[in-house]
Each structure stands twice: as structure tokens, then as C-alpha cells.
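Written out below as C-alpha cells is the structure these notes cover.
Note that ligands are numbered from 1 as they come in the structure, with each ligand's atoms numbered from 1 the same way.
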Amino acid sequence: MSEPGQVVSSERVGAIAVITVDSPPVNALSHAVRAGIKARLDAALAAPEAAAIVLICAGRTFIAGADITEFGKPLKEPGLTAVIEAIENSPKPVIAAIHGTALGGGLELALACHYRVAAADARLGLPEVKLGILPGAGGTQRLPRVVGVPLALDMITGGEPIGASRAHETGLVDEIAAGELRAAAVAFAQKALRDGLPLKRIRDMNDKLAVAEPDFFRNYRSALARRKRGVEAPQACVDAVEAAATLPFEQGLLRERELFVKLLGGAQSKAQRYVFFAEREANKIPDVPASTPVKAIRTAAVIGAGTMGGGIAMNFANVGIPVTLIEANAAALERGLGVVRKNYEISAGRGGMAKEDVDKRTALITGSVSYDDIADADIVIEAVFEDMALKKEVFATLDRVAKPDAILATNTSTLDVNAIAGATRRPESVIGLHFFSPANVMRLLEIVRGGATSKSVIASSMALAKTIRKVPVLVGVCDGFVGNRMLAQRGREAERLLIQGALPHQVDKVLTDFGFPMGPFAMSDLAGIDVGWRVRQARGTKAPVADALYEAGRLGQKTGAGYYHYEPGSRAPLPDPEVERLVVGVSKALGVERRPIAEAEMLERLVYPMINEGAKILDEGIALRPGDIDVIWIYGYGWPVYRGGPMHYADGVGLEKIADRLADFADRFKEPALAPAPLLRRLAESGRGFADGETPAKAAS
Ligand code: 3HC
Ligand code: NAI
């Protein structure tokens with residue numbers, strides 16, 4: 001535990017006391033930091049030689065917020081509010097000097113200062129909503145007083161930071177440091193003294209609180225309700241900002257505190273804070289220490305310019321890494337490059353990127369039909385058809401052409417990475433990088449560790465994921481890896497629900513009500529009913545309803561009909577009487593008497609089998625920790641973050657109940673795959689949850 005005196009220091013530069021917070025990694029407002037700031041501030045206020053104060057941070061960032069690890073523990077004085085009040089009430093001007101990211105409680109502290117000077121690349125924001133809470137130290141009351149209600153609402157309900165120059169335009173930052181930040185802040189403080197600048201207290205500024213329309217807050221709430229279904233915190237953020245606009249400052253603060261405390265104690269925030277740490281934990285691989293050498297990726301190559309290859313190439317171009325895209329022939333290459341350009345243009349058309357960036361990024365992607373052009377690539381990612389013979393052929397070629405220390409990656413979604421690695425003389429260089437579609441959008445990257453994959457290739461792949469802004473999770477080799485293997489369980493049970501009495505829109509509704517952006521059948525229509533059909537053909541399995549749709553030529557959105565009907569040019573799924581007839585016909589043909597199935601039963605039958613598979617995945621060591629599985633489902637499959645992922649959710653339901661229900665389903669439907677997994681049984685019998693441990697940690701090695 002750090003001591004206040006160790007993490008906050010003070011020195012004097014002429015008449016300016018410079019208080020420096022140095023509490024790695026992100027200068028979070030732990031007890032020691034709060035107490036340190038307060039003590040240094042009190043000392044500066046008592047010192048006659050100090051006429052003004054600069055608050056600055058050492059290391060990579062200004063204060064990045066409250067210390068999230070302290071949430072839920074008894075508060076140790078001084079609380080953040082006391083520190084903030086002391087700063088705001090200081091009779092000597094206090095200037096915040098901001099670099100890196102001033103986030104959450106860090107920005108709230110800066111808002112209590114009388115002036116703010118920022119480095120040109122600093123970012124400022126209130127991301128609390130992403131943790132299922134709202135800014136609880138005056139942020140909802142002070143930010144609208146500086147930047148106005150509309151922008152404050154967007155920042156607080158969206159959680160995204162703004163850059164220093166925007167912050168300067170809006171008045172959130174008073175000056176952008178031209179040179180070194182500390183010197184600029186000290187000079188600002190000297191100027192404040194020289195010119196007698198007033199002690200600007202944001203709490204007293206009310207001129208930006210008016211809103212244009214009388215229904216402004218009501219309209220904002222309903223727009224938000226559509227975009228963020230089921231999530232509590234964004235609505236509470238609006239309540240707090242409305243209080244800022246309508247109540248005196250002190251009363252607004254009380255309202256903010258009341259809303260903050262309620263959210264902090266709720267299940268949604270607990271889940272979201274869990275996900276925050278699970279995502280960071282996923283970066284840690286027990287047998288691949290942080291000191292493992294990481295290969296710099298300066299150039300990349302992608303093999304196959306289809307649906308996945310084009311998107312994968314865009315990820316590199318987006319961060320300025322040149323990439324060579326290889327295709328089997330000129331026509332396929334032209335088509336692939338055309339799709340990439342079109343995607344960039346659509347994005348620019350929607351305001352997602354500047355027009356000149358379209359040219360810059362497409363210029364970083366060079367097409368070729370010659371494998372010789374990958375000889376310089378630091379990493380090669382294969383994304384050709386899902387066909388083992390073809391993949392082996394491609395990897396044998398890569399082995400011949402790629403430079404000796406290149407990383408050779410496959411984007412296969414089902415094939416054995418070890419068998420693919422076996423086609424080379426360097427299996428230690430081979431790894432699976434399983435992107436999700438659309439590959440330029442989806443954040444998840446399953447990193448598949450083969451039996452021979454070297455630690456350096458793993459560490460380099462994890463680091464690369466961060467560079468291209470993905471969320472990496474290391475998994476082991478098995479059919480479907482983690483995400484698709486669990487998805488297959490849900491798919492099988494969704495089909496069974498149809499046969500027993502449900503209709504596609506009823507099943508989908510259960511999952512969208514649960515918080516998924518889309519249900520399994522709408523998803524199949526989007527991906528194409530033929531995709532699953534081809535997989536079943538290859539495996540010799542059947543899904544009577546899906547097969548019947550395929551045979552009827554209903555391939556999903558692309559044919560205007562699948563599990564749903566689609567009006568021309570529309571992606572809105574409409575329930576279709578034709579499908580009802582087809583589903584009822586399948587039940588009849590199978591001799592199943594249809595019955596109404598309650599939504600609660602449907603939810604259990606869709607979600608518990610996934611949890612069961614997650615337990616098997618843990619027991620086999622395919623995933624390292626339950627949290628890794630949760631991160632996969634949140635970032636790759638739209639599991640609602642406020643429910644914390646399937647394994648966290650399971651702990652909330654109780655494993656005993658889940659094991660009992662699964663045993664009952666296995667029995668009733670004569671489905672051995674539904675029988676509770678041994679790990680689930682063991683944990684349930686001893687009254688434990690997945691979070692309580694017993695994860696083999698041999699995982700993925
Ligand atoms: N509290 C405690 N630990 C934190 C933390 C916080 N607020 N923010 C980051 N950390 C830890 C991480 O867990 C991680 O620990 P590890 O190395 O042991 O895994 C380490 O700091 C580094 O974090 P990242 O890997 O995320 O580092 P990056 O450089 O990628 O990102 C960051 C830095 C942008 C600051 C990012 O960490 C971040 O977004 N942090 C959270 C910011 C936040 O949500 N602030 C609001 C907190 S709530 C609040 O302030 C309530 C107030 O209103 C009362
Ligand atoms: P696709 O059919 O859209 O593209 C494959 C491309 O590879 C085609 O353009 C083809 O011309 C090209 N190709 C074939 N042989 C080649 C060769 N020898 N050299 C160079 N190019 C060659 O397929 P898609 O969907 O992009 O899938 C690619 C891989 O990604 C598969 O392994 C698939 O399982 C995997 N994947 C697919 C996902 C999806 O949602 N489509 C999601 C995750 C992984």
C-alpha cells in the first residue's frame with residue numbers, strides 16, 4: 001500500500017507550488033493519492049511563499065479516475081469530494097496541468113481547479129457510464145456549466161473523451177501548452193498572479209445551463225432509450241444533468257450523489273466493473289511473462305481478399321501499417337480491393353473519417369497475385385476458403401516465401417491450427433488469429449495458440465491486437481475455439497425450440513429482450529442460411545428447419561427471405577406466415593406435438609447450454625479463465641455488457657440451479673450434450689461459482 005507522501009510530492013518554483021501526483025500506472029485516485037493531494041494542498045495554502053498552485057501528474061497520464069479497485073470497500077477519508085471542495089475553495093489559484101487522459105474523477109478534480117492547461121494531445125472525458133455508474137464527484141453538475149448541456153450530455157452518456165483542441169474551443173481547457181506542459185502551467189499560474197485573474201469557480205457559472213427546447217430532456221431520454229436498451233446508467237446520467245440545469249448547485253450535487261450510490265450498488269455496475277478488469281486480465285498469460293520479446297510489426301500481408309481478408313487488411317491500414325493483399329487471380333483481387341475502397345467511402349460519407357483518409361488508407365493496401373510480394377512482411381494472415389487442403393497448400397508456400405522470423409497466422413474459424421502449422425517447417429511461427437465479421441469493425445480477436453506456437457509469437461500477437469485496436473483473448477485449439485463452440489450449443493437448442501412449438505421471432509425476442517442486439521435467427525439471415533448448411537454438409541449433421549429453408553431457396557437477407565421476410569432494400573426482419581407453415585410442417589413430419597413455450601424456459605434453454613459448454617472449455621484448458629470467455633462473448637457476439645458475460649451471469653443465477661435445469665433438459669430431450677459438465681457439477685455441489693476458482697490454468701498451452 002502506497003503512502004500519501006510517496007505518491008504526491010510538492011516543490012516550489014518561485015511563487016508557485018507544483019504538486020505532482022506519481023502513482024503508476026494511471027494515477028488513479030486511491031486513498032494515498034487523495035490524502036497526498038489534500039496534505040500538499042493544505043501545506044501550500046499555509047505557506048506564505050506560495051501564491052498559486054499547479055497540480056500535475058508524472059508518468060503516462062493525468063489522473064485517470066477514481067481507483068476502481070476501492071469501489072465497494074469502506075471509504076477512507078478524505079473522500080474525493082472533500083479534496084475537490086478544498087481545491088475549489090482555495091483562496092490561491094489552482095491550475096490543473098493535463099496530459100494523457102483526464103478521466104472520471106480525474107476530470108472532476110480538474111473541473112474544481114480554477115484553470116486548466118492541457119498538452120495538445122491530451123484527452124478529457126467522463127467514462128463512468130461504461131462502468132455502469134455516473135460521475136459521482138460533481139462531474140454531472142460542473143461539466144454542463146462549462147461546455148453547455150448538449151455536449152455535456154453526449155460526453156456523460158456516451159463516455160467518450162474529447163481532444164484538447166475541442167476542449168479548448170468549448171472552454172473546458174483554458175490554454176493548450178505550446179511547449180513543455182509543466183513550464184506552460186507554471187507560466188499560466190504566474191500570469192494569473194500578475195494579471196490578477198479571478199478565482200474561476202465553475203459551480204458559480206450558470207450561463208450555459210439553459211436548453212433551447214422545453215422538451216429537450218424528454219427527447220434526449222427517448223432517443224437514448226432506443227440506442228441503449230436495458231442499460232440503467234445512461235438514463236441516470238440524464239437525470240443528473242437535468243438536475244444541474246434545473247436545481248441550485250448544492251441540490252444538484254445531492255441528486256448526483258443519490259443516483260451514483262444507487263447505480264454503484266446495482267448488478268449492472270458490478271457486471272461492468274467486472275468486465276473492465278476481465279478485459280485487462282485477459283492480456284496476462286501465465287507462462288508468457290510481460291518480459292517476453294515482442295516483434296515489431298512494420299509491414300503485413302493478408303492472403304485472400306474476400307469477406308474477411310479485406311476487413312483484416314483495413315485494420316492495418318487504419319493504423320498506418322502498409323499491407324499487401326494477395327489473391328488467387330486479378331479479377332478476385334480487383335473485386336476485393338473495390339470492396340475495401342467502398343467500405344472506406346461509406347465510412348467517410350457517414351462522417352466516420354475524413355475524405356483524404358480514404359486515399360491515405362487505400363494507398364497503404366497494395367494488391368498482388370504473386371506470393372513473392374510477401375517476402376518482407378513481418379506478419380502474414382491467411383484468410384482463404386475454409387478448406388484444409390487449400391490452407392495446407394497456402395502455408396507450404398508461405399513457409400517457402402516468408403522471411404524467417406515472420407509470424408504466420410490463419411484466420412480459420414473451425415480448422416485445426418496444429419494441422420495447418422504442420423504444413424510448414426516452422427510450426428513455432430504459426431498461430432491462429434480469429435477475427436470476427438466484419439473484421440474492420442468487430443473488436444474481438446481470438447488468438448489461437450497451437451501446440452508448437454512460440455511464446456514470442458503469442459506475445460507479439462497480443463501486442464499487435466492492441467496496435468490494431470482489438471481486444472485479444474488467448475484460446476487453445478478445438479473445434480470452434482471458444483466463441484463458436486458455445487454458439488453451436490445455442491444454435492442447436494434454438495432449432496429444437498422451433499420444432500417443439502416456438503417461432504423464429506419469438507425465440508429472437510427472448511434474446512433481444514435479454515440485451516443481445518439480435519437473436520440467432522435474424523443473425524443466420526444476416527450471415528446466410530447457406531453458410532450453416534455447408535458446415536452441416538461437411539460434418540454430416542442435420543438441422544431440419546434450417547435445412548428446409550435452404551432447400552426452399554430462403555438463404556436469408558441476400559434472397560429477401562430466410563427465417564424472416566425482408567422488403568426490398570430493407571434489413572428489417574418481418575415474421576413470415578410462410579415460415580410458420582414450414583416450421584409447423586417440420587414438427588409434424590417429425591411427429592412432435594407443438595406446445596407454447598414460456599419465454600423464461602426459452603431463455604434457460606438458449607443460455608444454460610452455452611454456460612455448460614463454457615465449463616467444458618475451462619476444464620479442458622481451452623480458455624484460461626471464466627473472464628476470458630465473458631470478454632469473448634461481449635466483444636464478439638453482443639452479449640450485453642451489463643450482464644457481464646455468460647460465466648459472470650451464471651454465477652449470478654447460481655450454478656446449482658443451472659446444473660439442475662440442464663440435467664432436466666438432458667433427460668427430457670434425450671440430449672447427452674445437455675448433461676451438466678463435470679466442472680459445473682463440482683462447483684454447484686460445493687456451492688461455488690466460476691469466479692471462485694478451480695480453473696485449471698493449464699489453459700491454452
Ligand atoms: N482504477 C484502478 N485501476 C485502473 C484504473 C482505475 N480507474 N484505470 C486503469 N487501471 C489499471 C488497469 O486495471 C491496468 O492494470 P493492470 O496493468 O494491473 O492490468 C492498468 O491500470 C493499465 O490500464 P490499461 O491497460 O487500461 O492501460 P491503457 O494505457 O490501455 O489505458 C486508460 C489507460 C485510458 C486510463 C484506461 O485504463 C482507462 O480507461 N481506465 C479507466 C478510466 C475510468 O473509467 N475512469 C473513471 C473511473 S470511475 C470514477 O472516476 C468515479 C468518479 O466519478 C467518482
Ligand atoms: P471468402 O470466400 O469471402 O474469401 C476467400 C477468398 O480467398 C476469396 O476471395 C478467394 O478468391 C481467395 N482465395 C482462395 N484461394 C486463394 C489462394 N490460394 N490464394 C489467395 N487467395 C485465395 O471467405 P471468408 O468468409 O473471407 O473466409 C475466409 C476465412 O476466414 C475462412 O477460413 C473462414 O472460415 C474464416 N472466417 C470467416 C468468417 C466470416 O464470417 N465470413 C469469420 C471468421 C473467420
Side-chain angles (χ1 to χ4, degrees), residues 23-30 60-71 79-81 84 100-109 123 125-140 156 159 161 256-257 260 264 269 272-273 276-284 290 302-312 325-329 331-333 335-336 339 368-371 381-388 390-391 393-394 397-398 410-415 420 432-439 442 444 446 466 481 483-484 526-528 531 534-535 636:
S23 180
V26 297
N27 291 314
L29 288 158
S30 62
R60 65 205 226 206
T61 180
F62 190 77
I63 297 164
D67 186 334
I68 308 169
T69 59
E70 287 186 1
F71 284 2
L80 181 54
T81 306
I84 281 179
T101 41
L103 298 178
L107 180 56
E108 292 177 297
L109 200 81
R123 296 176 67 73
L126 293 173
E128 286 88 342
V129 72
K130 296 185 179 179
L131 298 169
I133 51 174
L134 50 71
T140 64
I156 295 170
E256 176 194 86
R257 173 99 326 231
F260 176 82
L264 191 65
S269 170
Q272 285 176 258
R273 281 178 278 138
F276 177 86
F277 288 113
E279 188 185 326
R280 279 146 187 90
E281 188 72 13
N283 287 311
K284 297 175 184 127
V302 175
I303 315 293
T307 309
M308 295 305 288
I312 295 171
L325 192 52
I326 302 284
E327 253 297 345
N329 58 61
L333 181 61
R335 196 184 52 230
V339 172
S368 169
V369 290
S370 166
Y371 276 71
I381 303 176
E382 166 278 313
V384 302
F385 303 130
E386 187 76 336
D387 172 325
M388 181 55 99
L390 176 62
K391 302 239 184 216
E393 196 185 305
V394 168
T397 309
L398 297 183
T410 172
N411 181 47
T412 181
S413 31
T414 52
L415 300 175
I420 294 172
L433 292 184
H434 187 210
F435 290 80
F436 287 70
S437 181
M442 297 298 292
L444 178 64
E446 276 185 335
K466 281 215 147 186
F481 313 123
N484 284 346
L526 179 66
V531 175
R534 243 176 264 121
V535 173

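For ligand 2 and Ser437, the ligand atoms under 4.0 Å from any heavy atom of the residue are 40 (O). Close contacts between ligand 2 and Tyr371 involve ligand atoms 17 (C), 18 (N), 19 (N), 20 (C) [criterion: under 4.0 Å to a heavy atom]. For ligand 1, the atoms closer than 4.0 angstrom to any heavy atom of Gly65 are 45 (N), 50 (O). Each of the atoms 3 (O), 25 (O), 26 (O) of ligand 2 lies under 4.0 Å from some heavy atom of Thr307. Counting atoms of ligand 2 from 1 in the listed order, those under 4.0 Å from a heavy atom of Ser413 are 33 (C), 34 (O), 35 (C), 36 (N), 44 (C). Listed by atom number, the atoms of ligand 1 under 4.0 Å from Gly105 heavy atoms are 49 (C), 50 (O), 52 (C). If you number the atoms of ligand 1 from 1 as listed, the ones under 4.0 Å from a heavy atom of Pro127 come out as 43 (C), 44 (O), 45 (N). Within the listing of ligand 2, atoms 3 (O), 4 (O), 6 (C), 9 (O), 26 (O) sit less than 4.0 angstrom from a heavy atom of Gly306. Within the listing of ligand 1, atoms 20 (C), 21 (O) sit less than 4.0 angstrom from a heavy atom of Pro25. Taking every heavy atom of Gly104 and a limit of under 4.0 angstrom, the matching atoms of ligand 1 come to 46 (C), 50 (O). Which parts of ligand 2 touch Ile326 is read off a 4.0 Å heavy-atom cut-off, strictly below it: atoms 20 (C), 21 (N). Residue contact check: Thr412 has heavy atoms under 4.0 Å from atoms 32 (O) of ligand 2. Within the listing of ligand 1, atoms 13 (O) sit less than 4.0 angstrom from a heavy atom of Phe277. Taking a cut-off of under 4.0 Å to the non-hydrogen atoms of Lys391, the atoms of ligand 2 that pass are 31 (C), 32 (O). Set against the non-hydrogen atoms of Pro135, the atoms of ligand 1 under 4.0 Å away are 53 (O). Counting the atoms of ligand 1 from 1 in the order shown, those under 4.0 Å from a heavy atom of Leu131 are 44 (O), 47 (C), 48 (S).
In this structure, of Phe62, Phe276, Phe260, the residue bringing a heavy atom nearest to atom 40 (N) of ligand 1 is Phe276. Considering only non-hydrogen atoms, atom 31 (C) of ligand 2 lies nearest to Val384 out of Ile303, Asn411, Val384.
Taking 4.0 Å as the cut-off, His434 counts as a neighbour of ligand 2 on heavy-atom distance. Heavy-atom separations between Lys284 and ligand 1 include at least one value shorter than 4.0 Å. Not a single heavy atom of Glu393 sits closer than 4.0 Å to an atom of ligand 2. Residue contact check for ligand 1: Glu70 places no non-hydrogen atom closer than 4.0 Å to it. In this structure, Gly336 has no heavy atom closer than 4.0 Å to ligand 2. Using a non-hydrogen distance threshold of 4.0 Å, Asp67 registers as a contact of ligand 1.
Close N/O approach between Ala137 and ligand 1 is not found [any backbone or side-chain N/O within under 3.5 Å].
The protein heavy-atom contact nearest to atom 43 (C) of ligand 2 is Phe435 O, 3.2 Å. Glu128 OE2, 2.6 Å is the protein heavy atom nearest to atom 53 (O) of ligand 1. The protein heavy-atom contact nearest to atom 29 (O) of ligand 1 is Arg60 NH2, 2.7 Å. Atom 7 (N) of ligand 1 has as its closest protein heavy atom Ala66 O, 2.8 Å. Among protein heavy atoms, atom 14 (C) of ligand 2 sits closest to Phe385 CE1, 3.6 Å. Closest to atom 36 (C) of ligand 1, if we only count protein heavy atoms, is Arg280 NH2, 4.0 Å. Nearest non-hydrogen protein atom to atom 34 (C) of ligand 1 is Leu103 CD1, 4.0 Å. Here the protein heavy atom with the shortest distance to atom 45 (N) of ligand 1 is Ala64 O, 2.9 Å. The protein heavy-atom contact nearest to atom 9 (O) of ligand 2 is Glu327 OE2, 2.5 Å. Counting only heavy atoms of the protein, atom 1 (N) of ligand 1 lies nearest to Ile68 N, 2.9 Å. Here the heavy atom of the protein found nearest to atom 10 (N) of ligand 1 is Val26 CG2, 3.8 Å.
Looking at heavy atoms from C-beta onward, Ile156 lies out of side-chain contact with Val129 at the 4.5 angstrom threshold.
Proximity of Lys466 to ligand 1, defined as any heavy-atom pair under 4.0 Å, is confined to the side chain (atoms from C-beta onward). Neither the backbone nor the side chain of Phe436 comes within contact range of ligand 2; no heavy atom lies under 4.0 Å. Residue contacts with ligand 2, taken as heavy atom pairs separated by less than 4.0 Å, involve Leu390 solely via side-chain atoms from C-beta onward. Counting heavy atoms under 4.0 Å from ligand 1, residue Phe71 touches it through the side chain alone.
With a 6.0 Å cutoff to the six-membered ring centre and a 45° limit on the axis angle, Arg273 does not count as a cation-pi contact of Phe277.
Not a single protein heavy atom sits closer than 4.0 Å to atom 23 (O) of ligand 2. Of the protein's heavy atoms, none falls inside 4.0 Å of atom 32 (C) of ligand 1. Not a single protein heavy atom sits closer than 4.0 Å to atom 15 (O) of ligand 1.
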